[in-house]
Structures are given as structure tokens and as C-alpha cells.
Amino acid sequence: MSRTVKVGIIGTGGMGARHASNLTYLVAAAEVAAIMDVDAARAEEIAARCGGARIYTDAEQLISAPEVDAVVIAAPNSFHAELTRACIAAGKPVLCEKPLATGGEEASGVIGAEVSGGRRLVQVGFMRQYDPAHVAVKRVSDSGAQGNALVFRSVHINPSSGGAPSLDDVITGSLIHDIHSARWMMEDEIVGVHTSYIPFSPDRPDSARYVMIQLQFASGALGGLECNADAGYGYEIEVSITGETGVVHTSPLQSPVVRHSNASGQWVEEDWLQRFNTAYVNEVQAWVQSIQDGEATGPSAWDGYVSIVVADACIESGLKGEPAAVRLPERPGIYG
């Protein structure tokens, strides 16, 4: 496909609006042709920014619309699996924001639908796979210069939770990105997890302010994921891979060091949209290119499914206070 890819976007919150802007202004081969949101005023605002995209009030009508070649799903998490299956049924490529589903069983239904169709149509929005800093770390590790990878570690700092999120919220809302990064960067499956966490207060034992997860990989390598859900000062992401003869890691902050008036400091990004601005652009550019090439690339529905299965095990481990095994079915052939 060499013609312009006409994209429909479902959901115009922070992520949907970002994708709409990037596709309109930074991806020459794409056109935002349709917008759907239950907030009519918001939909009209985003549609106007995109040059007058058609507005829909029903997601499935947008998916089946003849002017829509491909779909971005940025609706609330509970709608992801259902809408992704609708895109598969319509034979349209879809970029679905994480998580692919709300649980492993629901995600398995997406896998079944895609496998039945016989070809990959789904890309999951694990944008760190397009982040230059993450890519650079993986490139060094893959080179073999540091020997075999022994340990993966990530630290995920959120500025504010906006409340007291549950362990489920923190893992499926934030740490699922780190779970995917661990699998992708180590090129290894996670077979066991052990989760510990600190509640916001003794009277809210169901909440999770700080979460730590130990990982066991199939190769015997280890991993550690940390998430501060309410740091209060800004947004940071840091990943590292320890090899047999060295360590490679990202810098936690992207800004320059400024020394002034007897002080030295760096600016800390306010949120993930700022930190991963380049990654989001790279992601949609690669997605549109894959549609034109007729061959899906990037994080697959299988990656989305496995990440949720691992996340479910992490939640189970945290709530029970004991390690949990990760058991996966055989990977279908369409996922290579």
C-alpha cells in the first residue's frame, strides 16, 4: 500500500490526542479520517485539529467505516479487547494502547481471534520499544560486548497517583510497560515472579505506593522492577542490563545538567508524554509504514497477552505474599 493510510482514533484523552497530533503533523503517509469519543465537545476539538476528521459516537461504526483503513484504540482499558477483536473481524490493522485486555483470559480471546484470521493485524502500544534510550541499551547488550545478559533492572517513577491506586492499578497501569521491556530487551520469557509492596497507609492495605517485583527468566537470568506510584517530584524511567563483563544503562533524565548560582541540577519531566515524546512519534511512523508494507511489526498481540499473564502473576504474588509461577501456552505460529 503506497497511498495515504486513513486512520480512525477511538478515545481522545491524553493518549488519543497525542496520537492524533502525531499522525496529522508528523507522519506524512497518514491522515486522521475519523474520531470517536463519548465527549462530543472533545471529539469536535480533536477533529478540528486534524483538519476536519469525521466524528463518530459509536466505536464499532468507526471501525467499519469505509473511509477508515486502520484504527488507534486509546479508549479506557476495559474496552481494549472488545474493540481490538472488532478491528480483527473487520480486517483492519489496529494500534491498541496497553494493556491489550484487563486479564489473561480476555487477552487470550484476542489471540484466538487473530490466529483464526490467519495474519497479524494488532500492534500493542508498548512505545518504549521505539525509545532511542531503550533501543541503545538493547543494541549494546545484543552486541555481546558484555557477555551474556545476567540481570535486567528497571526503575519507574510516577510523579503522582492522583489517589491511592491498588496493586492491580500500579502493575497493569504502569509496570506492564516494564514487564514488556524486560521480555523484549532480554529476549527471554519470564517464568516466575515475586512481588512486594508498600501501601499508602495502614488503613489502606489494598493500595500500593511502592512496588518491587523480582523476576526469574527461563534462561536463569534475573530481573528487578520497581515503581514509585507517588514520588511527587516528576517522572523518571531507568533501565539497565548487567552482563558477564559489564553494565549498560539509560540515563534517568534526558535534560542537560545546569550549574548556576552555586547549584547544579536537571529538569525532571512532568509525565510520560514528555519523556516518551520521540518514542510516540517513532511508534506511529513505524506502524503506518508496516501498514503500507502489508506486514505487521512491533509489539504483537502475543506480547500484549504474555505481558498481561505476567502482570496477573505479579498481582497474585503480591496479594498472597509468595512467589508465583508464570505458565504460558505454546506460542502460535503467526507470532514467529
Side chains of [X] and [Y]: closer than 4.5 Å at any heavy-atom pair?
X      : Y      : answer
Arg275 : Asp131 : yes
Leu225 : Met212 : no
Pro299 : Tyr130 : yes

[X], [Y]: one ILVMFWY side-chain cluster at the under-4.5 Å cut-off?
X      : Y      : answer
Val72  : Met36  : no
Ile237 : Ile179 : no
Tyr335 : Val122 : no
Met15  : Ile10  : no

Separation between CD1 of Ile171 and CD1 of Ile315, rounded to the nearest 0.5 Å
5.0 Å

For the atom pair OH (Tyr305) and CD (Glu105), what is the distance rounded to the nearest 0.5 Å?
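Those atoms lie 10.0 Å apart.
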
Basic-acidic side-chain contact under 4.0 Å: [X], [Y]:
X      : Y      : value
Arg209 : Asp230 : yes
Arg183 : Glu189 : yes
Arg85  : Glu82  : no

Applying side chain to side chain contact (heavy atoms under 4.5 Å, CB included) to Glu316 and Asp312, what does each step give before you reach the verdict?
CA-CA 6 Å; Glu316 175 190 347; Asp312 286 347; over 6 Å; no

Between [X] and [Y], a side-chain donor and acceptor under 3.5 Å:
X      : Y      : answer
Ser174 : Asn158 : yes
Asp203 : Ser201 : yes
Ser300 : Asp303 : yes

To check you understand the geometry: which heavy-atom pair defines the closest contact between Leu62 and Gly8, and what is its length?
CD2-CA, 3.9 Å

Please step through side chain to side chain contact (heavy atoms under 4.5 Å, CB included) for the pair Thr24 and Arg49, ending with a clear verdict.
CA-CA 8 Å; Thr24 299; Arg49 288 189 207 170; over 6 Å; no

Checking Phe126 now: which residues fulfil ring-ring contact (aromatic ring centres under 6.0 Å, His included) with it, not counting sequence neighbours?
His177, His180

Can a donor-acceptor pair be found, under 3.5 Å and without considering hydrogens, that links the side chain of Ser141 to the backbone of Lys138?
no

Ser181/Asp178 under side-chain hydrogen bond (donor to acceptor under 3.5 Å, both in side chains): CA gap, chis, key distance, verdict:
CA-CA 5 Å; Ser181 292; Asp178 304 80; 5.9 Å; no

Would Ile241 and Met186 satisfy side chain to side chain contact (heavy atoms under 4.5 Å, CB included), going step by step from the backbone distance to the final call?
CA-CA 8 Å; Ile241 296 177; Met186 295 290 280; 4.2 Å; yes

Step by step, would you call Asp188 with Ser219 a side-chain hydrogen bond (donor to acceptor under 3.5 Å, both in side chains)?
CA-CA 7 Å; Asp188 201 358; Ser219 66; 2.5 Å; yes

Parallel, tilted or perpendicular: which one describes the rings of His156 and Tyr235, with boundaries at 30° and 60°?
perpendicular

